[in-house]
Structures are given as C-alpha cells and as structure tokens.
Amino acid sequence: MRKTRERIFNFIIKILSLISLFLLAFIIIFIFRESLSFFMEVPILKFVSGRDWNPLDSPDKLSILPIIAGTIYTSLVGIIIALPIGVGFSVVLSSYTSDNMRRIIRGIVDILAGIPSVVYGFIGLLVLVKFFEIRFSFPTGESILAGGIILSIMMLPYIISTCDESMEKVYKEHSQQSNALGVSKSYMIRNLILPKSKKCILAAVVLALGRGMGETMAVMMVIGNAPLMPRLLDKGQTIPSLIALEMGMAEVGSLHYHALFASGFILMIILIVINIALHFVKLKIEL
Amino acid sequence: MDILKINNLFAGYGDKKVLKDVSMNIKRNKITAIIGPSGCGKSTFLTTLNRMIEENGGNFTGEILYKDEDILSYEKDSIRKNIGMVFQKPTPFPFSIYKNLTYAPIYYGITSKAELDKIVETNLKEAGLFDEINKDLHMLATKLSGGQQQRLCIARALTAKPEVLLLDEPCSALDIKNIQNIEEMLLRFSRDYTIIIVTHNLAQAKRISDYTAFILDGELIEYEKTEKIFTNPIDSRTKEYIEGIYG
Amino acid sequence: MDILKINNLFAGYGDKKVLKDVSMNIKRNKITAIIGPSGCGKSTFLTTLNRMIEENGGNFTGEILYKDEDILSYEKDSIRKNIGMVFQKPTPFPFSIYKNLTYAPIYYGITSKAELDKIVETNLKEAGLFDEINKDLHMLATKLSGGQQQRLCIARALTAKPEVLLLDEPCSALDIKNIQNIEEMLLRFSRDYTIIIVTHNLAQAKRISDYTAFILDGELIEYEKTEKIFTNPIDSRTKEYIEGIYG
Amino acid sequence: MREKIKDSILKVWITICVIIVFTIVMFIFGYIFKNGVGSINLEFILSDPKGIPIGSEGGIFPAIIGSLFLMLIACILAFILAISTSIYTVFYCRSKRMEGVIHLIIQSMAGIPSIILGLFGYTLLVLYLNLGRSLLSGGITLGIMIFPYIQVRIEKTLREVEINIVEASYALGVSKSYTIYKLILPMCRADIISTITMAGGYAMGAAAPIILTAAVIFAPIPKSLSSPVMALPFHLYILTGEGISLEKAYGTALVLIMILLILNIVSIILNMKRRGDR
Amino acid sequence: GKQEAGQVFKSEITYNGSSTLAPVISALATEFMEEYVTWNKVDPDFPEENISIYVSAGGSGAGVKAALEGTSDFGMLARELKDEEKEKLGDIETFTLGIDALTVSINPQNPLNEIKDNLTLEEVKKIFSGEYKYWDDVDNSLDHKEIVVVIRDLGGGAHGVFQKKVMGDTEVREDAIQAPSMGALVTKLMENKDAIGYASFGMVNQNEGKIIPLKVDGIKPTVETIVNGTYKISRPLIVVKKGSLSKEEKAFMDMVTSTKGSEIIEKMGFVPVK
Ligand SMILES: Nc1ncnc2c1ncn2[C@@H]1O[C@H](COP(=O)(O)OP(=O)(O)OP(=O)(O)O)[C@@H](O)[C@H]1O
Ligand SMILES: Nc1ncnc2c1ncn2[C@@H]1O[C@H](COP(=O)(O)OP(=O)(O)OP(=O)(O)O)[C@@H](O)[C@H]1O
Ligand SMILES: [Mg+2]
Ligand SMILES: [Mg+2]
Ligand SMILES: O=P([O-])([O-])[O-]
C-alpha cells in the first residue's frame, strides 16, 4: 500500500516535470517551425547581417541587424543603470536593515515587478520622454536611453530580489568574524560581501537580461521604433517591440509574418547563448 | 599585572539576564580558562569583553577596564583590534589563505606587498601552519581541513595584532591531533598574548590554563589558579561540577 | 541476549575510510555508551546501524544482524522504524507538538483520532514531558526550550515504536537540568528499549551506561562493562583517554 | 587612510542607491495615484464599462474579476508544474548535467517575449486544442509565462530546507514522498505562497499573452472556463491604445496596483507569521 | 428552434481584429445585448438563450487570421483585404461599415498653425520622406527645428494606406517614430510641438483642439469630402465573414449596418457608409 503510494508519487512528479520540459521544448520548436519557411527564403546570415527592414518591400529588405543591435544595446543600457543601483540597494537591505523591515521593503519593491508594462510605457512617454524633450531640447525624447531607463526600473525588482537574499546569507555567516577583527562594516561590504556575491550578481544579470530583452510594451512606447543602427540618444528598435508592433497587422502566412517569428527565434538564440556563456562564467567563479 | 579588570558585570539579551555581578581580573600573559555547564553564560562573557555582545543584540552594565581604561572609552573597532576573538566553529572567509590573513592588515593601512607577505608568514608560523600550507597560500581557505581552518582563524585573529585573545571552545569540532596542535600553540602564545579560553573539556582546561574560572547560571562561583581549582576547590558546586555530577 | 550483532564492519564516505573492522554485539535492554575523541567515527557507527549513512553519501561493508537477520534484508524504512535515532541538535519539525508526534504514526497507517491522542499522550509521558506541556499540545514545537525540544525528539522517535534507540550526543547543547531529565528518562527506558548513546561526556557515560565502547581512529579499542572500563581498562589508550590525555 | 576614503565612497554610493530606489518607487506609485485617484469610486470598481466607445464611462468590475480568474488559473497551473519540476531537480535528479539542461531550458524560457507566448497559446490552445478564446486558454498561456519564474524561486526555497530536519524524518522510517509531502512542502508553504503571489502579480499585469487567447473588450463576469473575459491590462491597452480615456486608464492602473498591494501584504504577513513561529 | 437543417444554433458570436474597429463593434454589441438580452427576443424563432457577443482586438492581420482559422466568426479590418488574403479566405461576405481618414495633423502650438492650414501633397511627401528635415525647410519664417515625424508601424494598415495614397514609391524617413497605436500617435502629437503625423479622423474628432488637422491640397478632411472621395487619404473599416452568415449572425449584422449602427460609428468619430 505504502509502496504503491510512493510509486504513484514518484510517477506523478516525473510525469509533470516531463510535461513542463516538453511544453518548453514545444514552444521552442513552435517558434522554430514558424520561422523555418522564412529561413528557406532568406538565408539566416543575411537576415541577421543586413541593415534594412521594410516589410512592404521585397524579401531583400527583411533583415534585422539594427534591431538585434538595438535589443542588445537597450538591455545593456538597462543593466548598466539597474545593476549598480540594484546591487547597492541589496547591500543596504542585507546589511543595514532589520529582518522585518527588509521583508516589507522587498514586498514593496516586488510590486514594481507587477505593474503592467503598458503603464511603464505610458509613464515613460509622458514623463521621461517629455523630460528629455524639454530639459535637453532633444527634438524627440524617444531614444535608446529612454528605453534603457524604463527597462532598468523594470529590472530593479529582479536584481534586488536575486541579490539581497544571498548577500544576507553572507552577512549573517561572516559578520561576527569580521567584526571581531575590528574592521568597519563598509570594509566588510567591500571586501567580503560584494566579492562573495559575484555569483548571485551574475544570476541577477541573467534574469534581468532575459527580462529586459523580452520586454515588449514599455520599450515599444518610448524607444521610437525606428530600425536605425542604435545610438544612445537616438531612436532605435528592439525585437520584441518589432514583433508586437507588426504582428497584429502582418498578413498571416506571409513572408512578413514568418519574418517576425524568425526574429523571435533569433532573440531566443541570443538569450540561450548568453545563458550558456554566463553559465560557464559562473562555473569559473565558483573556483 | 592585570590587563583586564572586570567589576560588577551584568550582561544579558533584552529582558533576559545572563551574567550576574561578575567581578574578576585577568592576568597578563597567562591562559585563563572559563568552564561551566552549557548555557551558563561563558560565550556571553567573552563577547562582552570585546563588545561583540552589542552585535548580537545584547547589552551589559558594570565596568570593564582594559589596561585600566574603560572599554567604552575606546572606539569599538579599536577595542576589537586589541582583543581578538576566535569562535567555536572555524569560519574562514571564502577567499584564499593569503587574503584571509591580509584582510585586517590592509584595513589597518598596510599596503606594501612585502610587508603583507611578512605578516602572512609570521602569523602562519605562529599558528604552526606555515610548513603545512606554505605552498598553497592562494588556495581557497575553505578547502582546508577543520583543524587547519581553526588554526587559520587563530592566525587571522593574530593579524590584527591583539594583546588579548578570546577563544570560544576552539577545539570542540576537532580531533586529537588538531587539539594537540592547538594546545601547543596556545602554550607558545602565552609568552606574547593574554589568552582567555572557554572550554567544556575539563581535561583541556587542566592541561593548558594557568587560571580557571567556574561560572554557573551566570554567576562566577570560583576563580583560582587551575591547580587549586582541580585539586582543592573551595565551593562545593565547583567540586561537583569537576567530578562530573553536572553534564 | 544480543539484539544487534556487528561483524567486521568497515564504513566510510567515498574513498575515505572511517570505521575499520568493528565487531561487537549489543545487548538487549541495556544502555551502551560509545566514547572516543572527535572525528573517530562515533556518528558514522550509529548511522551505519540504521542505514542512515546511505543518506549522507556513505557506505559500509561487513555484516550487521538485527535480531539475527541482516539489516540489508529488511526494507530501509522498516529497519529505521525499528532502530530509531535522535541527533545531537534537537530537530523538531516546525509544526505543533501534536503534529510532531503523529507524523510517523499517521504514516504507519493510524488514522483514528482517539488512537493518535493516545499515542501522543503515552510518548510524552515516557519522555517526561507530558506534565510540562500537556496544555500546549498545539503550540509550535520550535518554541519549546532546547531541553524540551530534545526530549520531544526522543518522544517522536518513540512514536515509531522502535526497539533500539540510537542517541548521538543528545545532551551536548543542553544545560544541567535538562541533562538530568534526559538521563533519568534513559534509565527509565532501558526496561523497554535497547539504547546506544554517543557521548563526549565521560561522566555521563559512567553515570548511565551498562556497557561502554571506546573507539579511536575508527577502530574499536575496548568494549566492556562500564564499571570495568572506568576502573580498570585493559588497553593503555583507553586508560589515557579516560584520564584526559586526549581532548 | 585610503581604506577610509574607499569606505566613504561606498557609503555615498549605497546612500544614493537607496535614494534612487525610494524615489522611483514613490514616484511611480505617486504618479499613478495622482492621476488615477480621481476616477476611482465604488461605481468604478463595481460596475460594467459603459459609454461610446465602451470604457469611456462606467467601471471595470468584469475586468477585475476576469483578471483575478486568469491569475488564479495561471498560478494553479504554473504552481503544479513548477513544484513538480523543482521537487524533481532537488530530490530526484541525480545527474548534475541533467540539472544543468533543465536550468538552461527554464532560463531561456524566461526571456521569450510574451507576445510570442501569446501566439503559441493561440496556436496550441485556441486553434489545435479548440479551447476557444477563453478564460482557460488565457490562464494556461499566462501560466506558461510565469512558470520559469515560479520554478526558479521554489527550487531555491526547497534547497534551503535544513538537511537535519529532513534526516530526522528519514530516521523515523518514513518514505521520501511522505517526507516531501508532509514535511518539506508545509515547511516551505509561506515562501511558496509569497512566490506565487508575486508571480501572480506579474501574470495579472501582462496584456500581450491574452490578446489572442482570452481577452475581449467587453464581457460579463465569466460563467465558465470557456468564456472569454475582460482583463485589466487588456482594458488598459485598449483605453490607452485607442485613446479612449486616459483618466479611466490611470484609474484602472491604480486598481491593479492596489490589488497587487493587497496580494503582497497578505504574502508578507504570511511570511512574517511563519518567521515569528520559529 | 426552427433552424435550418445542419446548422446548430450558436448563442455566441465572436469578433477579432482591428483595434480601430473593435471599440465600435463592441459598443454596438453591448447595445444589442442590452436591448434584447435573449435571442428569442430578437426573433421568436430563436431559442431562449442569452446573447453573447465578444469582441477582441489583435490587429487587422489577426482579424484575418482568426476568420481564416475559424477561431472567430468575424474578422475586423481597418484596411482593404489583400488579394492573397481573399484567395485564402475563399468564399466570404464583407461589410464595409465606415471610413477612417488619416489626417495630417500637428500640435496646436506649432507655429505652422498660424501661417497656414494647408500643405500640398508634395510637401507632405517631402516632410515624411525626410527631404524637409527642419520646419524652416517648409517655410522660411518657421524656426530651425527638426521635424518630428510620427507614423504607425510600417507593416500596418494605416501606414499601408498612407504609403499608397501619399508616398507612392518614396520611402518614409528611416528615423520616423513608429507609434504602437493610434492613441500613442495622437498622444505624441499632443505632447511634442514639432511633431507631425497622420492621426485618424476619429481621433481628431475625439480630441478636438488638442491636435490640428491640416488641409491637404486645399481639401479639408470632413465627413463630406471623405464620403465623396475628394479627401483621398482614407481607409475602409471592414468586417469579413468566411462562408455565409448564420441567422443569428445576420440579425446582429443587420443592426450594425442599420442607421443605429451608423450613428454609433459617427459618434466614434468615423465616417459611416450609408
Ligand atoms: N543572541 C542572543 N539572544 C538572546 N539570548 C541569548 C543570545 N545568545 C545567548 N543567549 C542566551 O544566553 C544564555 C547564555 O548563553 P551563552 O551562549 O553565553 O552560554 P554558554 O555558556 O556559552 O553555553 P554553551 O556552552 O552552550 O556555548 C543562554 O540561555 C542563551 O539562550
Ligand atoms: N558525510 C560525510 N562525508 C564525508 N566524510 C564524512 C562525512 N561525515 C563524516 N565524515 C568524516 O568521517 C570521519 C568520522 O566522522 P564522525 O562524524 O563519525 O565522527 P564522530 O566520532 O562522530 O565525531 P564528533 O565527536 O566530532 O561528532 C571524520 O573524519 C569526518 O570528517
Ligand atoms: Mg557558548
Ligand atoms: Mg558525531
Ligand atoms: O489595429 P488596427 O486598427 O491598426 O488594424
């Protein structure tokens, strides 16, 4: 009786895990399948190295180098802004606050993750973009920078929640020892907590980068969506915003439609490559 | 000469009183053992001496004089520099051995590579570790064996150049060999340092200490030359404890 | 009568050999103490007896007979049911006291409320806890004091109705009062159970055990009536250990 | 001396970080509050959208209910899958490499644009499985979206369970499944709940995955799993996208944030209670 | 029910497609459901079941997709059906409900507003193609400030119309801002003094005074000029059905195409087709 129950439990766990993994593999296959017919017509190399995107024109004009660059650029700007802020904030949370305080602050920061991207986009458009236009008299405030800033805000809760728990652990484990040596708290943060948190900071980067590169609506509303080679203060375009922008209108089954899937596929490949790369960096750090 | 003078010390955590009216003087360059049943306040006593108790949410009243000055009149950092501490569980920082040992010196302003190298070498030698791990200075300290880790932690405490060294059950997780190593080291140290060691191992206290203090339920029951305490204790409770009536 | 017979037991973790050729028989309804310096393999020995060693990544060769049958011929679950274990650090589950004590019985198929209540009551009484916490059965077990937690863990081990009870330094984190409580309890138990206790406290071994085994570096040096071992050990190492030469 | 300067730089840096984060949080909450509070009243919360174009008057009640239902389905689905996968990787999976592959797949998933998940949901659920544009299809799609997020965090929680306690359970002679089900999961309950609330918030705020799979401009409170639903983020999307009513859009956003706030408070309280218990 | 043989009665009708048209149909549907509640009140032949009409908005392309794949009963488009699409759909019924014009609009604070209310088609083309980069290229008296061109997504219906009717073979300047929705485009025009873009006629009417539509070649976009075709930059609002309508679908579409439908379409700012 107990044995059977045990067996059933094991079976269910395994089946459900298998289902989730299959589901995920399925999505990857789905995207690949939808992109395949495009890649038959436009070679993948040309697709990722060409600079023109005009879906109304010939297949020659379907290539996304500037958009790939824009995606990476925007996410990088987001990370570069969000990482120091998020890490700094996590340090404070882990080393300077009481347990209850930390929990409350973390809860509030987590709400940032639940605000719909449309709302971020709108605030970005009405506040940030406007601010650039008035303050710096840009002709238009829509820019990679604006996209990066909005993204950085959206990344913050992910970075903070990934880092501060691990930092808290390091703090609890070593603070006594460090104090007993008579060194200051900030010395400990600089020489112990931060170096020891490299790995979790890296994990935060992975998570935030995934989030940032996949973000659609918010970026779409503040980046200008012009498929130019990206420059910080100029308009740009990202793959998810391209897809969201044009998918609704693209004629089903057309080359354009499949091209959009193809760009989604490329995005996924980029993410997987980044993930694998960071995975190895992580292994290195462990040593 | 008395390096530490403790007068009417009361200590506790929040409402909980742990130490009750402890007064004793610690002799310079001697080994003082603190014994007593679990929970009697031995660790609390140690952490009070270098004000680590404040970090654990505790507090104390009464007077503690370090070199005849109130420890409250020193900066927290500097009292901890002078009164080093080693904990029961060895917890090296997750860096290389070298970095573990330069952690404090760099903070105290030493920057020259040669000087740092020298500090690492001297202290490893002091802790009797130098020959064992000389070649692997850049190995991760957490990979050392338990006993080596404990000795490394002691060496690390020495890098801050303390005058007093507090040890909280430094041998409880170790095996015979390591215990012997550490005991030898402590005996060697007593030339240069004042040592206060908490131990639940009476045999150990007997072997290495010059003075022994017996604490029971937060009260200092007896504080005497070790020989005397183990052969001819005054208080009957001390006698009972030593004879193994309590744990 | 011998409830456990151990023949040529070797045990270790991966490449690391810990126990070397240990052979001994455990007497039914007696208290057997295992003593020896830290790291000598006491815990490893206990965990081998109920095959918990496999959970820790260890393995063993040799023969262990429980009631004259090889423990490998029992199911893992059932050998652990028969040979219960209590660890050094009290590990109550973070549930109510009641739930801690019904955890195993429910697994073994007891569902009636009345029966469960009965089990809780009996075992709490056995562990001498019933009067203390009778009213608070639905209080969180983690809120109990250290000694109460340890006694609860013992009561919990009893709920699986073991015949043998392994205790790994059950008193090392406790104070005098609790140690006394637990010792009394163990003495009471020896009517119904076979007890094997690991302790670093020689006085404790002397006080409560019928037989004592001294392990050094994974080897069983001496195994004798407790009286005999403490008054007239055969092996010189045993003598040295008991006289406090080693830690 | 140099160390003192470095210490000061660090202090300045972390102070700035705290100021920035608090400013951002206050600003975003404040901005939405300021712009949205005007349109919030009981009628807005409790009545159907009205007016021409629809949504320019009236309330958002069906959207609130719709969103809550979508979140519920998404959370249940994602939870079941995530908990199984986590249990598998933590307690059953013996090969490190297999674990690596699982992690890689799951992390790659986390970055797929939500609109593509929407299309996937549409193709698989609406088209092939013929579930229709419905609460169920949308909930499943959102569930797939939050799955990686929940999985990563639950796995982390499970790995942090004290090994001593688990061993104590094995020592009682009970099986692994009983230990997981009766001991480990209850111990992690609060953490799991707080993870789910957070992920639920994320699901509730996502518009793209439900545009093709569930959301409609107007629908009464759903009667069954196969009814299409209104949803807050989609409502927001239509209100802003077609410029129907910005005021109502901010109101909608504010309601959404308040719901998230309530969910988070509940989860924080659960968490605190548990720690208090220890 | 006295349904025709082989046809099962469905109390549910679903729409998907253009987000421009979706609020219109949705408004009509709400009205219809409120008026009749159950089908038997629409027609005594119908069973007594609650009327459910669901409108969703995934864009014109999604409308065609949904109609084609049968996941929706009707598709909504804010553009002409393309030939390939017609081919794929096969047998269809289409209803043109109204026309949406694209007005070339600017911010009321744009100085251009004070000197002229008209641009020639050629000027519009030059502005959008980037040949005129600064406002003083359009008229010397204006400031030397960059023109901010706002368009909809290149692959979309609105842009398709603009491309065909205004730009011809000339490409729109590469760095034009592509707004993700008409709402965003209009918001941009309202927020940026130097912006110019093709706002939907419906949106202009909803935001009177906040954005200013210009005449093109002297023709002001009004209901008349749009209906009679003199104002050229316009697109149809279409509903398509694959195959033929069931009775209940017809009942609703009758209402959509009735005067009442036209009124609502007009109220939304679009131009109804009578
Ligand atoms: N941080 C703390 N907060 C509250 N109470 C504490 C804290 N640390 C210790 N205590 C309590 O103070 C009392 C004395 O503890 P202390 O650690 O000093 O005992 P000890 O003599 O070192 O015991 P052991 O031999 O077990 O280490 C105990 O009752 C303990 O529960
Ligand atoms: N899980 C494990 N994996 C590898 N080695 C282990 C493991 N557990 C114990 N050991 C090693 O086995 C040896 C014996 O350990 P054991 O825990 O049995 O000692 P012990 O006699 O119980 O010591 P103590 O009195 O300190 O508890 C030690 O050298 C220890 O490092
Ligand atoms: Mg202590
Ligand atoms: Mg042990
Ligand atoms: O959604 P559209 O109206 O732009 O097709």
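Numbered from 1 within each chain, the chains take letters A, B, ... in sequence-line order.
- Both the backbone and the side chain of D:I106 come within less than 4.5 Å of a heavy atom of chain A.
- Interface residue A:A113: only backbone heavy atoms are found under 4.5 Å from chain D.
- Interface summary for chain D: among A:M221, A:K14, A:R211, A:M217, the most heavy-atom pairs under 4.5 angstrom belong to A:R211.
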Full working for side-chain contact (heavy atoms from CB on, under 4.5 Å) between A:L16 and D:I83: CA-CA 9 Å; A:L16 287 176; D:I83 196 98; over 6 Å; no
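- Atom NZ of D:K6 is separated from atom CD1 of A:I189 by 15.0 Å, given to the nearest 0.5 angstrom.
- Closest of all the heavy-atom pairs between A:V119 and D:A253 is CG2-CB, 3.7 Å.
- When side chains are defined from C-beta on, A:Y120 counts as touching D:I28, because their heavy atoms get closer than 4.5 Å.
- For A:I111, the parts sitting under 4.5 Å from any heavy atom of chain D are the backbone and the side chain alike.
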Intermediate values then yes/no, side-chain contact (heavy atoms from CB on, under 4.5 Å), D:L10 and A:V91: CA-CA 10 Å; D:L10 180 104; A:V91 166; 5.6 Å; no
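- Heavy atoms closer than 4.5 Å to chain D are found in both the backbone and the side chain of A:I276.
- Remark: side-chain polar atoms of D:S84 are not paired, donor with acceptor, to backbone N or O of A:S17 under 3.5 angstrom.
- Within the 4.5 Å cutoff, side-chain heavy atoms of A:F122 are placed close to those of D:L246.
- Contacts between D:K176 and chain A at a heavy-atom distance below 4.5 Å involve backbone atoms as well as side-chain atoms.
- Taking the ring centroids of A:Y158 and D:Y149, they lie under the 6.0 Å cut-off.
- Interface check for chain D: of the options A:G121, A:P84, A:A25, the most heavy-atom pairs under 4.5 Å are formed by A:P84.
- In terms of heavy-atom pairs under 4.5 angstrom with chain D, the leader among A:G210, A:G86, A:S20 is A:S20.
- In this structure, no portion of A:I270 lies under 4.5 Å from any heavy atom of chain D.
- Taken from OG in A:S90 to CD1 in D:I14, the straight-line distance is 11.0 Å, to the nearest 0.5 Å.
- For A:R7, no part lies under 4.5 angstrom from a heavy atom of chain D.
- Residues D:N264 and A:G107 share a closest heavy-atom pair of OD1-O, 3.7 Å.
- Both the backbone and the side chain of A:F89 come within contact range of chain D, with heavy atoms under 4.5 Å apart.
- In terms of heavy-atom proximity, D:G205 sits nearest to A:P116 at O-CB, 3.2 Å.
- Within the 4.5 angstrom heavy-atom criterion, no atom of D:L232 approaches chain A.
- The most heavy-atom pairs under 4.5 Å with chain D, out of A:V206, A:I153, A:V118, A:I105, come from A:I153.
- When heavy atoms are compared at a cutoff of 4.5 Å, A:I115 approaches chain D by way of both its backbone and its side chain.
- In this structure, CG in A:N191 is found 6.5 Å from CD in D:E3, a value given to the nearest 0.5 Å.
- The structure places OG1 of D:T123 at 10.5 Å from CD1 of A:I31, a figure rounded to the nearest 0.5 Å.
- Heavy atoms of D:L261 lying under 4.5 Å from chain A belong to its backbone as well as its side chain.
- Aromatic ring orientation, A:F30 versus D:F120: perpendicular (interplanar angle above 60°, classes split at 30° and 60°).
- Between A:L126 and D:Y31 the shortest side-chain heavy-atom distance falls below 4.5 Å.
- If you measure heavy-atom distances from A:L271 to chain D, the contacts under 4.5 Å come from the side chain alone.
- Of all the listed residues (D:I24, D:L119, D:I32), the one sharing the greatest number of non-hydrogen pairs under 4.5 Å with chain A is D:L119.
- A distance of 3.5 Å separates CD1 of A:I243 from CD1 of D:I116, quoted to the nearest 0.5 Å.
- With rounding to the nearest 0.5 Å, the separation of CD1 in D:I115 from OG1 in A:T216 is 6.5 Å.
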CA sep, side-chain torsions, deciding dist, call: A:S161, D:R153, side-chain contact (heavy atoms from CB on, under 4.5 Å): CA-CA 10 Å; A:S161 70; D:R153 293 183 140 251; 2.8 Å; yes
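- Heavy-atom pairs under 4.5 Å with chain A peak, among D:L104, D:T197, D:V25, at D:L104.
- Only the side chain of A:K169 comes within less than 4.5 Å of a heavy atom of chain D; its backbone N, CA, C and O stay farther away.
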Step-by-step side-chain contact (heavy atoms from CB on, under 4.5 Å) determination, A:V127 to D:F27: CA-CA 11 Å; A:V127 179; D:F27 177 78; 3.7 Å; yes
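- A:L23 has its side chain out of reach of D:F147: every pair of non-hydrogen atoms, C-beta onward, lies at least 4.5 Å apart.
- Residue A:L18 does not touch chain D at all, counting heavy-atom pairs closer than 4.5 Å.
- A:I27 touches chain D through backbone and side chain together, each having a heavy atom under 4.5 Å away.
- Side-chain contact between A:I239 and D:P113 is absent, with no heavy-atom pair separated by less than 4.5 Å.
- Counted within 6.0 Å of OH on D:Y181, heavy atoms from surrounding residues, nucleotides or ligands total 12 or fewer; the atom is thus considered open.
- Atom CZ of A:F26 has 12 or fewer neighbouring heavy atoms from other residues, nucleotides or ligands inside a 6.0 Å radius.
- For the set D:Y92, D:Y178, D:Y237, the entry with the most heavy-atom pairs within less than 4.5 Å of chain A is D:Y92.
- Residue D:I265: no heavy atom, backbone or side chain, is found under 4.5 Å from chain A.
- With A:I19 as the partner, the side chain to side chain contact (heavy atoms under 4.5 Å, CB included) test is satisfied by one option alone out of D:L81, D:I80, D:T85: D:L81.
- Using a 3.5 Å distance cut-off with no hydrogens or angles, the side chains of D:S175 and A:R5 do not pair a donor with an acceptor.
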